[in-house]
Protein chains: 2
Amino acid sequence: MQAKRNFSAKREAIYQTLASTKTHPTAEWVYEQLKPKIPDLSLGTVYRNISVFREMGLAKSVGVVNGQERFDTDMSKHSHFVCSKCFKIIDVPKGKNFVDSNIYEYVERECKVKIENHSIMFYGVCRECENVKD
Amino acid sequence: MQAKRNFSAKREAIYQTLASTKTHPTAEWVYEQLKPKIPDLSLGTVYRNISVFREMGLAKSVGVVNGQERFDTDMSKHSHFVCSKCFKIIDVPKGKNFVDSNIYEYVERECKVKIENHSIMFYGVCRECENVKD
DNA sequence: ATAACAATTAAGAATAGTTATCGTTTTGAG
DNA sequence: CTCAAAACGATAACTATTCTTAATTGTTAT
């Protein structure tokens, strides 16, 4: 009778690594972090387990940036900023209503659709990249 | 000294095809549309020219949906709805302010970044898919 | 313990989308 | 028309991701 999950060692390690950062990493980054500690880990296992986490509602995709999918274990509704130069993704703190409450209604009526959720992405340049000459 | 653009026949055809639809097509879709009319067209040419259009500011990427990049020649600021079942992308009519005017300021301060633009994506199910049993 | 069965895994092959290369052809300015 | 630059087709290369298979590990019942 355990309400808690009981992951295999590797699955647990993959989840912990994914959850340990706010950088919204790629599958490959997770793989590279763990490979030294778990030499017999394969990239396919990382991909497969991230899919498992997604199905379980423990992780989600933040989108494809520069050709690679980025993941997040923070399942709360929040927006992201993407730096166009270094492709860093930064969480936008909650605490402000970004879209008016009647927007869903408006879009559903105009587009004749049923909206389940939405995402806002801000694009620009982060502070570090701003201070770098090209 | 010509202010007007003077595309090659193929480039023009690719642009026209891309611009002829509001479905936000993939490169492959454009290729399939033109292939019967232009049998010696290659998919690489479509990709190459879409890149050219992007550099010229004549087209942009709407994002990667179901693993394929989707393009749009409507360069005006507008949002999109993506159907999670059929991956149709629908333009959201402008005419409503989706984000409060002071949002940029807030995000720039909180995230310490410089925002250049943003995009809002709505996800859900379109009317056609809603009426289909799984 | 052990047998039976299920879940997880590694490895790498396979796939799919996209980009790069490289001779060849087309284009258009002079 | 001439000729260099631009664009092209074909295909190889590349990258991210998924799939397959067989082996390993974990679990449960006996």
Side-chain angles (χ1 to χ4, degrees), chain A residues 1-18 23-56 58-72 82 87 89, chain B residues 1-18 23-56 58-72 82 87 89:
Chain A
M1 173 254 299
Q2 65 222 18
K4 70 183 284 285
R5 63 171 180 276
N6 203 359
F7 286 173
S8 74
K10 277 168 191 165
R11 181 165 297 176
E12 185 66 33
I14 292 166
Y15 180 77
Q16 289 305 328
T17 304
L18 199 58
T23 60
H24 315 84
T26 63
E28 201 179 6
W29 182 89
V30 173
Y31 173 73
E32 281 164 8
Q33 299 305 303
L34 289 173
K35 188 66 176 172
K37 290 178 256 183
I38 311 176
D40 66 340
L41 180 69
S42 88
L43 183 56
T45 298
V46 176
Y47 275 110
R48 183 171 35 74
N49 279 298
I50 291 177
S51 293
V52 171
F53 300 149
R54 283 217 262 183
E55 282 161 20
M56 299 174 87
L58 290 175
K60 62 174 195 283
S61 171
V62 173
V64 177
V65 174
N66 197 32
Q68 277 182 286
E69 189 145 31
R70 307 284 287 263
F71 303 98
D72 195 353
V82 181
F87 305 116
I89 299 181
Chain B
M1 174 254 297
Q2 65 230 10
K4 69 182 284 284
R5 84 172 109 77
N6 206 359
F7 286 172
S8 74
K10 278 167 189 167
R11 181 165 296 175
E12 185 66 34
I14 292 165
Y15 181 78
Q16 289 305 329
T17 303
L18 200 57
T23 60
H24 316 83
T26 63
E28 202 179 3
W29 182 89
V30 172
Y31 173 73
E32 281 164 6
Q33 300 305 303
L34 289 173
K35 189 65 177 171
K37 290 178 254 179
I38 311 175
D40 67 339
L41 180 69
S42 89
L43 184 54
T45 298
V46 176
Y47 276 109
R48 191 186 317 118
N49 279 298
I50 291 177
S51 293
V52 171
F53 301 150
R54 282 217 263 182
E55 281 161 20
M56 300 174 85
L58 290 175
K60 63 174 194 285
S61 170
V62 173
V64 177
V65 174
N66 197 30
Q68 278 182 286
E69 189 145 31
R70 307 283 289 262
F71 303 99
D72 196 354
V82 180
F87 306 114
I89 299 180

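Not measured: the values here are computed from a predicted model. In the text below, chain A, chain B and the rest are named by the order of the sequence lines, each starting its count at 1.
- Taking CE from Met56(A) and OH from Tyr15(A), the interatomic distance works out to 9.5 Å, rounded to the nearest 0.5 Å.
- Separating the CZ atom of Phe53(A) from the P atom of dT8(C) is a distance of 11 Å, rounded to the nearest angstrom.
- Checking dT18(C), dG17(C), dT17(D) against every side-chain atom of Glu69(B), the shortest atom distance belongs to dT18(C).
- Contact annotation: Arg48(A) does not reach the phosphate of dT8(C) (side-chain N/O to OP1 or OP2, under 4.0 Å).
- Between the CZ atom of Arg70(B) and the C1' atom of dT18(C) there is a distance of 16 Å, rounded to whole Å.
- Rounded to a whole Å, the CD atom of Gln68(B) is 14 Å from the C1' atom of dA16(D).
- Across the protein-nucleic acid pair, Asn66(B) atom CG and dT15(C) atom C1' stand 14 Å apart, rounded to whole Å.
- Side-chain nitrogen and oxygen atoms of Asn49(B) include at least one within less than 4.0 Å of the OP1 or OP2 phosphate oxygen of dC8(D).
- Atom CG of Leu34(A) is separated from atom P of dA10(C) by 11 Å (rounded to the nearest Å).
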Worked check of side chain to side chain contact (heavy atoms under 4.5 Å, CB included) between Thr45(A) and Tyr31(A): CA-CA 9 Å; Thr45(A) 298; Tyr31(A) 173 73; over 6 Å; no
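- Comparing dT18(C), dG17(C), dG9(D) by their nearest atom to the side chain of Ser42(B) picks out dG9(D).
- Projected onto DNA chain C by closest heavy-atom contact, Tyr47(B) and Lys35(A) fall at different nucleotides, the more 5' of which corresponds to Lys35(A).
- Of the possible polar contacts, none joining the Arg70(B) side chain to the Val62(B) backbone as a donor-acceptor pair under 3.5 Å is found.
- Protein atom CD1 of Ile38(A) is 10 Å distant from nucleotide atom P of dT9(C), rounded to whole Å.
- For the pair Ser8(B) and dC8(D), the criterion of a side-chain N or O lying under 4.0 Å from OP1 or OP2 is met.
- Using a 4.0 Å heavy-atom cutoff across all strands shown, Arg11(B) reaches sugar-phosphate atoms only and no base atom.
- The distance from atom NZ of Lys10(A) to atom C1' of dG26(D) is 13 Å, rounded to the nearest whole Å.
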Test log, rule side chain to side chain contact (heavy atoms under 4.5 Å, CB included), inputs Arg48(B) and Arg11(B): CA-CA 10 Å; Arg48(B) 191 186 317 118; Arg11(B) 181 165 296 175; 5.7 Å; no
Show your reasoning for whether side chain to side chain contact (heavy atoms under 4.5 Å, CB included) applies to Asn49(B) and Lys10(B). CA-CA 9 Å; Asn49(B) 279 298; Lys10(B) 278 167 189 167; 5.5 Å; no
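- At whole-Å resolution of the value, CG in Asp40(B) and P in dA7(D) are 17 Å apart.
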